[in-house]
Amino acid sequence: IMNYQESREYIDKITREIPSVLGLEHMRELMKRLGNPQDDLKYVHVAGTNGKGSVIAFLYSALSGARYRIGRYVSPTLYSYRGRMEVSGSRISREDFAAYITQVSDVIAAMTKDGYPHPTAFEIETAVAFLFFKKENCDLVLLEVGMGGNLDATNIIKNTLLAVLVSISMDHMSFLGDTLEKIAEVKSGIIKYKCPVVTADQKIKVMQVLQKRATEMQTEIRQVQDRTHIRMEDGRLCYEYPASGTVRLSMTGSYQVENSAVAIETIRVLREQGYHITEEQLLNGLFMAHWQGRFECLQKDPLFYVDGAHNEDA
């Protein structure tokens, strides 16, 4: 069995040597040989350009507060590589990560021997996450798309309870297409047959693409409602949201108003599917949520905020 250092070196080597490819056949083969652990889990699948991590942070906080055992898969991460996969507030341990990487690398060795192409680093990490979440008996997994949607490694899942689409804009054009419509089409690929959809406010062109996909998949889209009376109270961002009243956030970026509203609509759909989250647990979860490096105050005197962006909309 590899140790943690060796397992990280293995991933780094593959990151350097195996280019990113979009497509599901290698991933399907890899997961089949690992026993398809992903088929035993339920998912909220989150795609879009900006806000995936923040929406997942709000959901993770609210659902964990309602005593559900929640898995979270996000990438990249700021402080800890192992923060990409965690359950109920605990990152995957170094020992578990190394053991899963060893298991996956053995399967890959057999796969490549049989003439299959070598899976990418993201495919390997995603496989590890599925193995980890199954072993941890998660009630629900919050799964972030790596890039795009339809051909992303995460899209081999079958049990999507809900597809969530955050703000969609121009990004990764060399992979996803050079128009907003093409990018939206790729991202809409996470919408499965009769699977409910929640979306942020989207540009009209994007909304038309999502609507078309939803119609094909015989499902309906729920768009976030209007947020009113957005204000600061005691240094906290607050706003009014239909049927939820006053929503208070600890995260301070103005864009978190929309991201938290997406989380509210997501929780409402989950309630319809039998998940029990009280309004108090929801509002408390939104308030307690934290996502590092997103308009985060590092120091009060002098005042110092940090934020990040890698595309025009962000």
Side-chain angles (χ1 to χ4, degrees), residues 20-24 27 38 41-60 71-77 84-85 122-123 125-126 129-130 140-177 179-203 205-214 216-217 219-224 255 258-263 265-267 269-270 291 310-311 313-314:
S20 283
V21 286
L22 290 174
L24 294 179
M27 189 64 185
Q38 76 283 359
L41 297 158
K42 294 184 177 121
Y43 303 91
V44 171
H45 205 184
V46 185
T49 310
N50 296 311
K52 296 189 290 290
S54 295
V55 168
I56 287 174
F58 285 123
L59 292 171
Y60 191 54
R72 168 166 80 174
Y73 183 52
V74 291
S75 64
T77 42
R84 289 168 189 229
M85 34 197 105
F122 184 71
E123 287 169 335
E125 288 165 345
T126 304
F130 288 141
L140 187 61
V141 172
L142 305 172
L143 190 68
E144 181 185 328
V145 167
M147 182 167 48
N150 60 348
L151 299 176
D152 183 75
T154 62
N155 207 30
I156 61 160
I157 59 172
K158 291 178 179 163
N159 313 321
T160 310
L161 298 183
L162 182 62
V164 177
L165 291 142
V166 298
S167 163
I168 293 174
S169 57
M170 300 299 277
D171 199 7
H172 298 302
M173 279 85 84
S174 59
F175 283 96
L176 307 180
T179 67
L180 209 46
E181 290 91 332
K182 283 180 190 166
I183 290 173
E185 202 159 305
V186 169
K187 292 182 188 286
S188 75
I190 68 162
I191 300 173
K192 306 281 197 301
Y193 180 66
K194 293 202 168 166
C195 154
V197 184
V198 168
T199 177
D201 289 328
Q202 305 285 5
K203 299 179 181 79
K205 286 178 184 174
V206 170
M207 209 54 210
Q208 286 165 341
V209 173
L210 299 184
Q211 203 61 64
K212 179 171 173 282
R213 171 76 181 177
E216 286 164 6
M217 292 291 120
T219 188
E220 54 183 56
I221 294 186
R222 209 177 286 198
Q223 198 165 6
V224 291
Y255 46 82
E258 179 175 68
N259 290 333
S260 57
V262 170
E265 289 303 325
T266 301
I267 294 289
V269 175
L270 287 173
W291 189 225
H310 72 253
N311 55 53
D313 264 43

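Along the sequence shown, residues carry numbers from 1.
With contacts defined as side-chain heavy-atom distances shorter than 4.5 Å, the pair Asp152/Phe122 qualifies. Contact check for Val46 versus Leu143: no side-chain heavy atoms found under the 4.5 Å cut-off. Counting only heavy atoms from C-beta outward, the side chains of Thr49 and Val166 never approach each other to under 4.5 Å. Contact of the Leu162 side chain with the Val197 side chain is not registered, since no non-hydrogen atoms from C-beta on lie closer than 4.5 Å. Between Tyr43 and Lys158, every side-chain heavy-atom pair lies at or beyond the 4.5 Å cut-off. The side-chain heavy atoms of Asn50 and Tyr255, taken from C-beta on, include no pair separated by under 4.5 Å. A heavy-atom distance below 4.5 Å is found between the side chains of Phe58 and Asn259. Side-chain contact between Val145 and Lys187 is absent, with no heavy atoms from C-beta onward closer than 4.5 Å.
Using a 3.5 Å distance cut-off with no hydrogens or angles, the side chains of Thr154 and Tyr73 do not pair a donor with an acceptor. Side chain to side chain, Asn155 and Asn150 fail the donor-acceptor criterion of an N or O pair below 3.5 Å.
To the nearest 0.5 Å, the span separating CD on Glu125 from CZ on Phe130 amounts to 12.5 Å. Within the model, atoms CG of Leu151 and CD1 of Ile156 stand 13.0 Å from one another, a figure rounded to the nearest 0.5 Å. Interatomic distance, Met207 CE to Thr199 OG1, rounded to the nearest 0.5 Å: 5.0 Å. Atom-to-atom distance recorded for Ile267:CD1 and Ser260:OG is 12.0 Å, nearest 0.5 angstrom. For the atom pair Gln211 CD and Ser188 OG, the distance stands at 11.5 Å (nearest 0.5 Å).
Heavy atoms only, all atoms of each residue included: Gly148 and Ala47 are closest at O-CB, 4.0 Å. Here the closest heavy-atom approach between residue Lys203 and residue Ser169 is recorded as NZ-CB, 4.1 Å. The two atoms that bring Ser167 and Ala200 nearest to each other are N-CB, 3.8 Å, heavy atoms only. Between Ala184 and Leu210, the closest heavy-atom pair is O-CD2, 4.2 Å.
Residues satisfying the side-chain contact (heavy atoms from CB on, under 4.5 Å) criterion with Lys205, sequence neighbours excluded, are Glu181. Glu123 meets the salt bridge (charged side-chain N to carboxylate O under 4.0 Å, His left out) test with no other residue; sequence neighbours excluded. Under the salt bridge (charged side-chain N to carboxylate O under 4.0 Å, His left out) criterion, Arg213 pairs with no residue, sequence neighbours left out. Partners of Glu185 according to the salt bridge (charged side-chain N to carboxylate O under 4.0 Å, His left out) rule, which considers only residues two or more places apart in sequence or in another chain, do not exist here. In this structure Thr160 satisfies the side-chain contact (heavy atoms from CB on, under 4.5 Å) test together with His45, Ile157, Lys192, Cys195, sequence neighbours excluded. For the salt bridge (charged side-chain N to carboxylate O under 4.0 Å, His left out) test, no residue two or more places apart in sequence or in another chain qualifies with Glu144.
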For Lys194 and Met217: C-alpha separation, side-chain torsions, deciding distance, then whether side-chain contact (heavy atoms from CB on, under 4.5 Å) applies.
CA-CA 6 Å; Lys194 293 202 168 166; Met217 292 291 120; over 6 Å; no

Walk me through it: do Val269 and Val198 pass the test side-chain contact (heavy atoms from CB on, under 4.5 Å)?
CA-CA 8 Å; Val269 175; Val198 168; 3.9 Å; yes

Could you walk me through whether Val141 and Val44 pass the side-chain contact (heavy atoms from CB on, under 4.5 Å) test, one step at a time?
CA-CA 6 Å; Val141 172; Val44 171; over 6 Å; no

Could you walk me through whether Val164 and Lys52 pass side-chain contact (heavy atoms from CB on, under 4.5 Å), step by step?
CA-CA 9 Å; Val164 177; Lys52 296 189 290 290; over 6 Å; no

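A donor-acceptor pair under 3.5 Å links the side-chain atoms of Gln202 to the main chain of Ile168, judged by distance alone.
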